[in-house]
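Reviewing the structure listed below.
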Amino acid sequence: MRPTDPVRAEQGVVVSAQELASRVGRDILQQGGNAIDAAIATGFALAVVYPWAGNIGGGGFMVVRLPDGRATTFDFREKAPLAARPELFLDGAGEYSSKRHHDSYLSVGVPGTVAGFALAHERYGRLSWRALVEPAVRLAAEGFALTPSLARSFERILSDMAPYPASVAAFSRGGRPYRAGETWQQPDLARSLERIRDQGREGFYGGETARLLAAEMRRGGGLITEQDLARYQARERVPVRGSYRGWEIISMPPPSSGGVALIEALNILEGYDLKGMGAYSAPYVHHVTEAMRRAFLDRARYLADPDFAPVPVERLTSKSYAASLRAGLDPERASASAPADATLPAESEHTTHYSVVDAEGMAVSVTYTLEAGFGSKIVVTGAGFLLNNEMGDFNGKPGLTTATGLIGTSPNLARPEQRMLSSMTPTILARNGELVAVLGSPGGRTIINTVLVTVLDIIDGGMGIQQAVNAPRFHHQWLPDTLRIEEAGVTPEVAAALRAMGHQLTIRGRQGSVQAIMIEPGTRVRLGAPDLRDADAAAAGY
Ligand code: GLY
């Protein structure tokens with residue numbers, strides 16, 4: 001029976017999708033590391049024990065709040081290689097090819113994770129880099145017992161890996177699926193991690209690993225070269241900040257759309273008495289859905305890599321803009337999403353989030369990804385790690401969605417060294433200058449709304465952190481014009497009322513996986529709340 005109460009920790013806690021990785025982070029905290037150190041060690045460990053989304057061949061975002069209230073972020077989103085161009089995903093006949101876009105060597109972006117961790121460590125780390133990578137090296141070299149959930153996921157993915165011999169070799173015993181409880185060792189990955197441990201970022205972006213990755217690309221017709229790897233730089237960026245009923249929201253700026261869309265939706269909702277409506281009542285779900293719809297329309301119109309396209313962050317996150325959007329919101333009728341081409345770029349539901357708070361109150365919120373579960377499914381031959389298929393987060397074809405001029409595909413097209421737009425929303429909440437909560441989720445575009453609904457459950461619903469993590473979730477992304485809601489979130493009466501308002505309602509399976517921490521008021525005990533939707537998610541604290 002899994003615990004339904006959060007883990008209580010007097011000093012520090014790590015919550016991730018895999019217990020072994022949470023324990024690695026907790027051990028680093030106990031050795032005197034700060035939350036950044038623990039986040040880096042947890043991230044490397046997840047690359048070994050949670051290959052579904054943990055990675056060194058992908059990218060992501062880290063939001064940091066220091067004990068004195070200052071905050072910063074690290075952007076280690078993948079980039080398009082130098083040879084990329086907006087028409088990359090069109091076939092010989094000029095037709096958009098989903099295979100090229102999402103499931104080919106062309107779908108691999110230049111990885112950012114190792115550079116992001118190295119930059120965060122250089123800026124704020126306390127323990128040696130070596131100490132942070134070593135636990136992952138050991139887990140890969142010595143192996144660990146596969147959980148039933150991991151063994152099942154390997155078995156399911158094996159046929160997709162069939163075209164890639166190095167992937168089949170890494171994820172099966174000569175083509176025979178691993179069983180739960182068997183020890184899984186990854187010797188090639190261990191050697192790649194050793195190079196990172198010993199040489200820092202150069203151990204990934206140069207030398208043997210870069211040579212092996214570039215050779216893998218040449219073998220499969222991919223674009224990434226050793227020059228692309230050598231040029232990759234992670235960025236420290238100013239967080240996007242907002243407020244909601246007196247709470248401070250700190251989140252990820254572009255190239256993620258997450259923070260901007262979250263704050264835009266919260267600003268719209270601040271003008272309504274959600275508490276008075278009652279959580280998950282028809283008026284409540286209606287108003288939240290309408291806020292989601294508007295935030296996602298602006299996401300499609302404006303959001304992209306700010307190094308390539310001007311993104312009006314200040315306007316989109318302003319209270320006055322939210323007021324103008326409220327003016328067009330009918331409290332009793334669903335708005336229509338414009339009937340433009342609904343083929344926004346497909347985003348996978350597979351990513352992972354983890355949260356860390358240390359004894360001094362430093363908080364770190366990390367969401368990182370390979371895009372799809374197991375990314376491109378391509379393991380780099382001789383290097384043992386999976387490559388992302390993140391290029392699928394670029395828009396697929398210039399002009400594909402411009403029928404009404406509303407989607408604005410141009411800002412997020414694949415251009416040399418541009419970062420693809422993301423929905424990842426690693427977030428930190430504070431109040432009266434004090435840290436309150438750390439959270440985030442996987443789930444493609446649903447990430448933004450999973451975080452939104454959880455924040456509303458905490459602030460308007462007054463829920464404790466485990467209750468908020470367990471609470472039902474729903475999602476609307478402007479197009480397609482569908483409101484998807486977890487079964488537990490809607491009674492037949494509420495469903496009927498929402499349909500009568502004009503919502504196209506779909507009952508869905510689970511949405512997202514929030515790994516969260518809350519600071520208990522009064523005691524300042526750290527409460528670690530894993531998402532019980534995920535079999536292996538766990539908090540480890542001390
Ligand atoms: N690949 C998922 C995201 O970046 O939003």
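For ligands, and for the atoms within them, numbers begin at 1 and follow the listed sequence. Heads up: numbering here begins at 1 and tracks the sequence.
- At a 4.0 Å heavy-atom cut-off, ligand 1 touches Glu390 through the side chain alone.
- Residue Asp393 places at least one N or O, backbone or side chain, under 3.5 Å from an N or O of ligand 1.
- Of all the heavy atoms of Arg419, none lies under 4.0 Å from any atom of ligand 1, so neither backbone nor side chain is involved.
- Residue Phe117 is tested with Phe61, Phe44, Phe74 for a ring pair (Phe, Tyr, Trp, His ring centres under 6.0 Å); the sole match is Phe44.
- Using a 4.0 Å cut-off to heavy atoms of Glu371, the atoms of ligand 1 that qualify are 1 (N), 2 (C).
- Listed by atom number, the atoms of ligand 1 under 4.0 Å from Arg77 heavy atoms are 4 (O).
- The ring of Tyr354 has its center no closer than 6.0 angstrom to the ring center of Tyr50.
- Here Asp531 pairs with Arg533 in a salt bridge; the nearest charged N to carboxylate O distance falls below 4.0 Å.
- A pairwise comparison of heavy atoms in Leu193 and Val133 identifies O-CG1, 3.6 Å as the closest pair.
- The distance from atom CZ of Arg65 to atom OG1 of Thr73, rounded to the nearest 0.5 Å, is 15.5 Å.
- A donor-acceptor pair shorter than 3.5 Å cannot be found between the side chains of Ser16 and Gln515.
- The shortest separation from a heavy atom of His350 to ligand 1 is not under 4.0 Å, leaving the residue out of contact.
- If you number the atoms of ligand 1 from 1 as listed, the ones under 4.0 Å from a heavy atom of Met424 come out as 3 (C), 4 (O), 5 (O).
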